[in-house]
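Below is one structure; the comments refer to it alone.
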Amino acid sequence: MDKRYQPDKETDIYKLWEKKRAFTPIVPANPTEAKKKHKPFTIILPPPNANDPLHAGHALYVVEDIMIRFHRMLGDPTLWLPGTDHAGIETQFVFEKHLTQKGKSRFDYDRQTLFQMIANYVNKNRGIAVKQMKRLGFSLDWTRERFTLDPAHTKRIFAVFKKMYQDGLIYRDEQIVNYCTHCGTAFSNLEVIHKQVNSHLWYFKYPLIDNPKEFIEVATTRPETMLGDTAVAIHPKDPRYQKYKGKKILLPIINKEIPIIFDKMIDPDFGTGAVKVTPAHSPEDFQMAKTHHLNIINIINFDGKFNNKAPKKYRGFYATQVRKMVIEDMDKLGFLSKVEDYSHQVGHCYRCHNPIEPLLTPQLFVKIKPLADKAVEAVKQKKTKFFPQRFQKNFFQWMDKIRDWPISRQIIWGHRIPIWYNLDERDDFLISFVDDNKKLISSYWLDIKKKYDFDTVKKGLQSIIAPAKANYYLSEKDALKHGPLVLQETDTFDTWFSSAQWPYSTLGWQADGQHSPDFEYFYPTTVLDTMWDILFFWVARMIMIGIYATGQVPFEIAHMHSRVNDLHGKKMSKSKGNVIEPIKIAEEFGADALRMALVYGVAPASDIALSTDKIRAQRNFVNKIWNASRFVNIIIDRFQQNHPNLLVNLPSSFSELRNLTKHPDDLEIIADLEKVIKSTTKNLKTYRFGQASEDLYQFFWHQFCDSYIEKTKDKGVDVIPVLVFVLINSLKLLHPFIPFVTESIYQNFKQTFAFKEGLLATSSWPKTS
RNA sequence: GGUUGUUUAGCUCAGUUGGUUAGAGCGCAUCGUUCACAUCGAUGAGGUCAGAGGUUCGAAUCCUCUAACAACCACCA
């Protein structure tokens with residue numbers, strides 16, 4: 001044995017596990033019956049981005065690996081199913097950056113071509129994450145690896161989409177959505193970050209039609225939207241404005257009559273108590289427009305520029321530019337009465353950090369309330385439990401005020417939504433395509449069809465925006481019944497709509513009920529482990545859709561872990577330069593050291609401060625284990641030199657061992673071992689990995705090495721049975737945490753002892769009695 | 001505005017159901033390498049457990065309040 005533990009042997013150990021198929025469970029012939037007798041332990045890996053290397057957060061998969069290895073050793077049928085994520089918008093965003101560097105943009109290509117380009121790019125990088133997960137020792141069953149764009153997965157999410165449609169849970173509607181004009185797509189509320197912004201409150205005077213000398217003052221943070229105002233709103237009980245009931249007002253610049261409306265939504269204490277109403281660019285105003293039947297004028301395009309509904313001089317300018325122009329113009333007209341400093345929350349895109357533009361656009365929604373109700377019920381019935389429990393409260397709170405979920409995204413790297421439109425039915429589809437000269441054409445079908453034939457449009461298609469009222473069909477065949485000119489929706493599903501279905505889809509759920517044996521055996525899965533930041537994005541939605549599709553919760557335990565921070569507890573980021581790359585660490589200190597450092601002394605769901613100091617300390621621990629084993633080896637060698645024909649007998653149980661010795665030192669370490677077996681087993685069952693690792697560290701280093709081994713040094717070879725027994729059992733206890741070094745030592749000892757079990761990874765968990 | 005979390009040794013953090021002199025790693029000081037490991041061993045310094053009040057025979061741990069910090073949720077112009 002080497003004097004020091006060499007982590008470079010870790011890859012060979014992993015190959016050994018793979019060769020022996022140590023991580024592939026056997027599914028019995030009758031899974032439904034078999035699982036009643038012995039319940040499998042199942043985790044579906046939260047799929048990492050397929051084309052990105054792992055970051056420190058991913059290294060926390062170690063928590064799942066600990067659970068998996070523990071249950072495998074307990075003898076449970078154990079499955080940890082791996083997969084990778086196409087990571088829709090993230091990946092497209094990165095790819096577009098590459099395009100920009102080449103002086104190109106996504107608008108230079110038709111949809112099909114661009115999709116293929118991204119696919120090629122991802123395929124080139126795929127495998128990095130997989131290789132790295134192996135390097136970190138994760139005992140995933142690679143025979144079951146999945147990808148979120150697998151045709152089988154696509155087929156399943158489409159089937160569920162269709163079922164939802166048939167159940168009336170899917171609708172297309174024109175609503176105010178969070179639109180990022182830079183990313184060119186709509187987002188759900190969760191993808192909007194609210195930032196405190198120091199701005200101003202502008203007070204505008206709108207003159208009354210009856211008496212142009214009389215004004216109503218409105219206060220606004222967004223002056224530019226006044227070009228789309230269609231009313232002024234006041235709280236119905238506001239005494240200051242009672243006299244204006246039924247009156248009309250003049251919208252300056254536009255010079256148009258607009259009504260004064262009264263609505264409870266208005267807070268009389270804000271500004272002047274009178275508020276301008278811009279239905280197309282504010283969710284509240286849109287709401288009011290519906291109740292009061294106001295006009296809705298959309299003045300901002302998807303690219304963020306003002307359109308031809310705005311007066312000529314503002315057209316083609318961005319909101320920030322128009323804001324300046326409007327303020328200046330209102331001031332010149334004498335309608336700007338005052339400006340106050342004002343600090344308020346403004347929604348920003350989580351991706352590119354630009355302000356979100358609330359825009360009126362048709363999107364596809366999921367009616368979420370019926371799904372949420374069932375999910376809440378299931379959690380109340382403890383069918384899914386949260387750990388730590390406090391996250392359950394977060395879950396309930398969010399579910400309580402959940403709103404319908406917009407699931408269409410205006411990006412192309414994802415699952416193209418399976419609905420079709422018929423262009424024979426109407427000509428107000430807004431279509432963008434590249435023509436034969438690679439020129440981008442963007443207009444209504446009404447105009448396009450005069451100059452281009454349908455096939456050219458279809459071939460070069462980039463996007464189609466169907467009016468909210470347009471018919472849509474769930475299959476191309478159905479759409480073709482109404483005429484030959486059929487185009488598929490160009491939007492894709494929100495990545496989370498597909499991820500929400502990951503647990504049952506990866507296990508082979510089938511829409512027709514002919515599920516695979518895997519599904520029958522392993523579903524519902526046991527634990528879902530992830531960081532709390534995607535509790536709503538993912539965990540809640542998996543529960544909702546899982547119950548909807550399969551009638552069962554997707555997992556029994558939602559286990560939340562925390563973020564891996566740097567040594568000062570600060571969030572890692574490339575710009576701060578404090579990023580720790582797990583693979584580099586594994587190469588320098590060994591994967592085991594990194595794994596141990598990630599769980600040692602960490603309380604459930606509390607932030608993790610990771611430092612090279614901490615990793616080094618654990619590397620030393622790994623080396624300590626290695627050297628203790630080396631010592632035991634040396635003692636055994638000595639024994640064998642003197643007794644070449646005698647085999648070392650390894651006691652198989654505590655009682656057998658106790659029959660061999662009555663020495664108080666021996667009895668003490670034996671009792672301590674029993675204690676740590678009990679505590680570790682209990683801690684692992686209750687997800688206290690930090691405590692478990694600390695106890696083991698303490699036991700092995702201080703009780704076993706510092707105390708017991710030191711005492712054995714003046715004794716003869718009689719101590720061998722105790723020494724070996726304690727060592728092997730310690731290796732087993734430590735194996736879920738540090739699988740490489742423990743397996744490596746075990747394989748070394750195999751030459752000395754005739755172990756029944758070929759691999760430590762599939763050996764049995766220590767028993768105390 | 002609502003919610004949750006954090007506050008323990010110089011640094012980063014443990015401390016499950018309240019129970020003897022409050023723990024670890026790193027760092028620091030002194031000593032020690034023939035005899036598994038200097039990626040080591042021995043010894044030691046260092047904390048009024050954020051503050052105040054309460055419950056209790058007993059509180060870092062339970063309750064109330066206060067302060068600082070952090071995070072999440074939220075269609076207030």
Side-chain angles (χ1 to χ4, degrees), chain A residues 1-5 175-178 189-190 192-194 201-202 218-223 225 232-233 265-267 269-278 281-288 342 344-345 347 356 358 388 390-391 393-394 396-398 400-403 532-533 535-536 562-563 565-571 589-590 593 596-597 600-635 679 682-683 686-688 690-691 693-695 697-698 701-702 705-706 709-710 712-714:
Chain A
M1 283 174 88
D2 294 327
K3 201 169 169 183
R4 285 179 191 168
Y5 172 65
Q175 286 197 11
I176 299 275
V177 295
N178 305 301
N189 283 346
L190 288 173
V192 176
I193 305 165
H194 292 89
L201 201 53
W202 287 270
V218 296
T220 182
T221 55
R222 294 204 62 189
T225 62
V232 164
M265 279 173 82
I266 304 302
D267 173 10
D269 295 330
F270 178 83
T272 59
V275 168
K276 57 191 273 318
V277 180
T278 320
H281 301 287
S282 149
E284 309 82 40
D285 295 7
F286 184 71
Q287 197 59 45
M288 283 192 275
Y342 189 68
H344 65 137
Q345 297 272 348
I356 286 289
R390 65 185 144 92
F391 289 102
K393 196 172 176 183
N394 290 10
F396 283 141
Q397 265 169 5
W398 189 65
D400 189 43
K401 48 185 159 190
I402 196 168
R403 304 172 70 209
W532 45 256
D533 65 342
L535 179 62
F536 305 134
S562 194
R563 193 169 48 211
N565 292 322
D566 73 0
L567 74 164
H568 296 298
K570 294 276 183 292
K571 192 176 172 175
F589 298 100
M596 194 70 179
Y600 183 88
V602 173
S606 76
D607 281 356
I608 298 160
L610 188 63
S611 61
T612 37
D613 269 351
K614 192 172 178 186
I615 295 160
R616 192 177 296 116
Q618 296 306 331
R619 188 269 318 262
N620 294 353
F621 177 56
V622 167
N623 187 56
K624 188 77 183 174
I625 297 167
W626 179 257
N627 270 294
S629 311
R630 202 170 140 236
F631 172 78
V632 173
N633 228 1
I634 289 167
I635 302 290
S679 70
K682 191 182 163 196
N683 282 328
T686 51
Y687 317 106
R688 296 177 193 283
Q691 192 61 48
S693 60
E694 273 191 85
D695 290 351
Y697 183 102
Q698 186 65 23
W701 198 314
H702 302 296
C705 295
D706 291 350
I709 287 185
E710 289 308 318
T712 64
K713 283 184 178 170
D714 353 317

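Note that these values count all heavy atoms, side chains included, but never hydrogens, waters or copies made by symmetry. Convention: sequence-line order gives letters A, B, ...; per-chain numbering from 1.
Taking only side-chain atoms of Tyr697(A), from C-beta outward, the nucleotide of rG25(B), rA14(B), rA77(B) with the closest atom is rG25(B). Side-chain proximity of Lys393(A) to rA74(B), rU4(B), rU16(B): nearest is rU4(B). Proximity note for Leu190(A) (side chain, C-beta onward) versus rA74(B), rG41(B), rA77(B): the nearest is rA74(B). Comparing rA14(B), rC73(B), rG25(B) by their closest approach to the side chain of Ala617(A) singles out rG25(B). Relative to the side chain of Ala628(A), the nucleotides rA71(B), rC26(B), rA36(B) differ in distance, and rA36(B) lies closest.
If you measure from atom CD1 of Ile635(A) to atom C1' of rC35(B), you get 10 Å, rounded to the nearest angstrom. The nearest whole Å value for the distance from the CZ atom in Phe270(A) to the P atom in rG1(B) is 15 Å. A straight line from NZ of Lys624(A) to P of rG41(B) spans 4 Å, rounded to a whole angstrom. Trp398(A) has its CH2 atom 16 Å from the C1' atom of rU3(B), to the nearest Å.
Across all strands shown, Tyr687(A) has no heavy atoms under 4.0 Å from either base or sugar-phosphate atoms. Across all strands, Thr686(A) comes closer than 4.0 Å to no nucleic acid atom at all (heavy-atom distances). Residue-level contact check: Arg4(A) touches the bases, meaning some heavy atom is under 4.0 Å from a base atom. Residue contacts for Tyr600(A): at a heavy-atom cut-off of 4.0 Å it reaches the sugar-phosphate backbone alone, with no base atom in range. Within 4.0 Å of Asp285(A), counting heavy atoms only, lies no atom of the nucleic acid at all. Using a 4.0 Å heavy-atom criterion, one finds that Arg616(A) contacts no nucleic acid atom at all. Contacts of Arg630(A) with the nucleic acid, taken as non-hydrogen atoms under 4.0 Å apart, involve only primed sugar atoms and P, OP1 or OP2. Note on Gln287(A): nothing from the nucleic acid sits closer than 4.0 angstrom, heavy atoms only. Using a 4.0 Å heavy-atom cutoff across all strands shown, Ser611(A) reaches no nucleic acid atom at all. Contact annotation for Phe391(A): no contact, since no heavy-atom pair falls under 4.0 Å across all strands. At a threshold of 4.0 angstrom between heavy atoms, the contacts of Gln345(A) include nucleobase atoms, whether or not backbone atoms are also involved.
Nucleotides rU6(B) and rC40(B) place their P atoms 33 Å apart, quoted to the nearest Å. Atom P of rC26(B) sits at a distance of 12 Å from the matching atom of rU39(B), rounded to the whole Å. Comparing the same atom, P, in rG10(B) and in rC76(B) gives a spacing of 44 Å after rounding to whole Å.
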